[in-house]
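Below you'll find the structure, written out as C-alpha cells, and then a few comments.
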Amino acid sequence: MNKAIILQNGQQHIRYFEAPCLLSELLPDFSVAHPCGGKGTCRKCRVEAVGDLSEPTAAESAVLGSNVRLCCQTLALGDVTITLSDTKAWNKSTASNHLAAVHPLGKKFGFVVDLGTTTVSAALYDQTTAKLCAQTVFPNPQSAFGADVLSRLHAAMHGKASLLSQSVQNALHAACSELLQNTGLSSDDVDAAVLTGNTAMLYLLFEQDPACISVSPFRCETRFGDFYDADFLPLCAGTKVFVPHCISAFLGADILTASLASHVWDEGVHLLADLGTNGEILLQKDGDVLGCSCAAGPAFEGAGLECGMPAVDGAIESVKLFGGKLLPKIHGNANATGICGSGLIDLIACLRKKRILTPDGLLTCGDRYIIEGTDVYLTQADIRAFQLSKSAIRTGMDLLLREADVQQPDHVELAGTFGTHLSLRSAKAVGLLGDFPENAVSAIGNAAATGAAMLLLDNRLIRDCAEKSTKIRTVQLTEHRDFNDLLLQNLML
C-alpha cells in the first residue's frame, strides 16, 4: 500500500491507497471542487503535490506555481504529500458568498446536526476559527419504526411518538458526546448549535403532533425557525439550539440550509436536488423559486439493500471498469463489507456498460451479481429499489423544469450525504440526470449540513434564511398530469 500525507489547516491526515490513483480520489472528504466533472478545464481543484506523481497533462500546463497540480488530472504513482489551502468549514466554490466576515452564534464551540431520514450527521466546530474539529455520520435509529417517513408518522400517531423522539435523542447525545471526547472537550465548551432536517424528522424529534403533515391538505403548522431547548445535546447550561424554518410539509429546513450552500439563489436558472430518502428539489428562474419533494426511498444512502451501508469504512464507494473488470474502491483501509449510494450508482452504470444489466433493469446473470474479489453483491430487488429512487428524483426534476417552462438550467447541483463521492458520469449513465452537459452539473456533498454550519458561523444569515423560506412555492408532483407517465418512463436505466 502507498501512503498519501494530506496537510490542511495545520493538521496532517494519512490516506493509504493502491497506485495508480487520482489525487482527487484521495480527497473525497476535503471539499475540493470539481465543477467541470473532472475534465481539467475549470482549474478549481488546484493543490500543491510532491512525490511520485504522473507527468503534468496539457490541462495542467496552464497552471502556474511550483508543484501546483490539478487533482482530477494527476495520478499518484507512489507515496505523495498533498498540501491543501486552509479553509473555513464550508467549500467556498459551492457555498454562498455572503460570508465576508464571520459572526458566530456563540463564543466557544458549536454543534451542527443534519437529521436525515436514513442517516444523521453531527459535527463540532470551533466558532472562533471556523475550524471543523470532528464529525460523524450514523444511521437514524428511527428506522426501527420504518424505513420511510410515512411509516414513522403513522407510528407516531399510534402511540409511539415518545419512543421515536427518545431513540434519536439518545443517539444524538451519544454521538455528540463522542465528538467531545475525541477532541478533549466537555459540554461546558459548547455554547451554540444548529440542527437542520426535513419537516417530518423535526416534528418527530420535538414530538410535535404530525397529523397536519400526514394527511391532506398537508399543512405545516409548526415551521420552526427559532431557538429551542435541547437537553439531548451536551451543551453549556442554558444554551439553546437554533432550528431553521421549514418551508412546507414536504420541504424541510434541510433543503433551506442546503440552498445557502449552493448557487440556487444566484442570477440565472439553477436547480438544486438533495438526494436523500426524502428527496427535495429547488428550481430558481428569474427570482421565482419552485420546490418539490420526492419519495426517493433509502437506496441512495445505502439502506434497504441487502449489502447496503452508509459511506463508512468498509463501504464500496466507487466502482470503475478497467480492462473489462470491475475495480471497487473501498472507503477507509478496510475490507469490503457493503456498498453505499455512490458505489451503487457506479456499479449499475458499469453493469449496463457490460450489458449484464438491461435497460429495463433486468440482471442477465441471475438474481444477484457478486462483485469480484469481495463478498458484496447486488440483487435484482436492489436494482428495482434503485430504479424507484432514481425515477422519483428524475421525475421531480423534469416536472419542475416543465412547470417553470425551462429546457436547460444554467447549473445543476446534486446534494446529499453521498454527493462528495458521486460520479456525475455514472449518474448520467443510469438516467438520474437529463441531457444536462457534464460541465453544468456538480456534486456538492452534504449541503444541508454545510448550510447549517454557515448559520452557526455567521448569525447574520438567520434573517436571510427566514426570508428565503417565504419565497419558495411548493409544487405537488402527484397532481401534475404528466406525473405517472414520467415516473414509468424514468424507471429505465
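- Between the H154 side chain and the L150 main chain, no donor and acceptor come within less than 3.5 Å of each other.
- Between the side chains of H270 and Q284, not a single donor N or O lies within less than 3.5 Å of an accepting N or O.
- In this structure, E280 contributes its side chain and G252 its backbone to a donor-acceptor pair below 3.5 Å.
- Atom CG of L153 and atom CE of M201 lie 6.5 Å apart (nearest 0.5 Å).
- D266 and H263 are linked by a side-chain donor-acceptor pair at a separation below 3.5 angstrom, with hydrogens and angles left out of the test.
- Considering all non-hydrogen atoms of both residues, A192 and L235 come closest at O-CD2, 4.3 Å.
- Checked for salt-bridge contact, D464 and K468 meet the test: a charged N lies under 4.0 Å from a carboxylate O.
- Side-chain contact check for S151 and D148: at least one donor-acceptor pair (N or O, by modelled atom type) lies under 3.5 Å.
- If you check the side chains of Q208 and T222, you find a donor sitting under 3.5 Å from an acceptor.
- Side chains of T277 and E301: a donor on one and an acceptor on the other come within 3.5 Å.
- In this structure, the side chain of D189 engages the main chain of S186 through a donor-acceptor pair within 3.5 Å.
- Residue A147 comes nearest to R152 through the heavy atom pair O-NH2, 3.5 Å, listed as atom of the first residue, atom of the second, then distance.
- Side-chain contact annotation: T117 with N278, donor-acceptor N/O pair under 3.5 Å absent.
- For Q181 and S177, the side-chain atoms include no donor-acceptor pair closer than 3.5 Å.
- With hydrogens and angles ignored, the 3.5 Å screen pairs no side-chain donor or acceptor of S391 with any backbone N or O of L388.
- Classification of the F300-F386 ring pair by plane angle, with boundaries at 30° and 60°, yields perpendicular.
- Distance alone, capped at 3.5 Å, places no donor-acceptor pair between the K108 side chain and the T128 backbone.
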*asked:* Set out, in order, the CA-CA distance, both residues' side-chain angles and the distance that settles side chain to side chain donor-acceptor pair (under 3.5 Å) for S426 and D346, then state yes or no.
replied: CA-CA 5 Å; S426 294; D346 278 351; 2.6 Å; yes

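- Of the possible polar contacts, one joining the D191 side chain to the K107 backbone as a donor-acceptor pair under 3.5 Å is found.
- Defined by atom type and a distance below 3.5 Å, a donor-acceptor pair is missing between the side-chain atoms of D254 and T196.
- In terms of heavy atoms, C294 sits closest to L477 at SG-CD1, 4.0 Å.
- Using a distance-only test at 3.5 Å, with no hydrogens or angles considered, no donor-acceptor pair links the side chain of S143 to the main chain of P139.
- Side chain of Q142 to main chain of L164: a donor-acceptor pair is present (N/O by atom type, distance under 3.5 Å, no hydrogens or angles).
- For S165 (side chain) and L205 (main-chain N/O), a donor-acceptor pair under 3.5 Å exists by modelled atom type.
- Annotation: the span from I345 atom CD1 to K428 atom NZ amounts to 14.5 Å, rounded to 0.5 Å.
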*Would you please test F109 and Y125 for ring-ring contact (aromatic ring centres under 6.0 Å, His included) and show each step?*
CA-CA 6 Å; F109 293 83; Y125 287 87; over 10 Å; no

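- Here the shortest heavy-atom pairing between V168 and L115 reads CG2-CD1, 3.5 Å.
- For the residue pair H411 and S442, a side-chain donor N or O sits within less than 3.5 Å of a side-chain acceptor on the partner.
- A donor-acceptor distance shorter than 3.5 angstrom exists from the side chain of N459 to the backbone of H103, with no hydrogens or angles considered.
- You'll find the side chain of L432 reaches within 4.5 Å of the side chain of I393, heavy atoms only.
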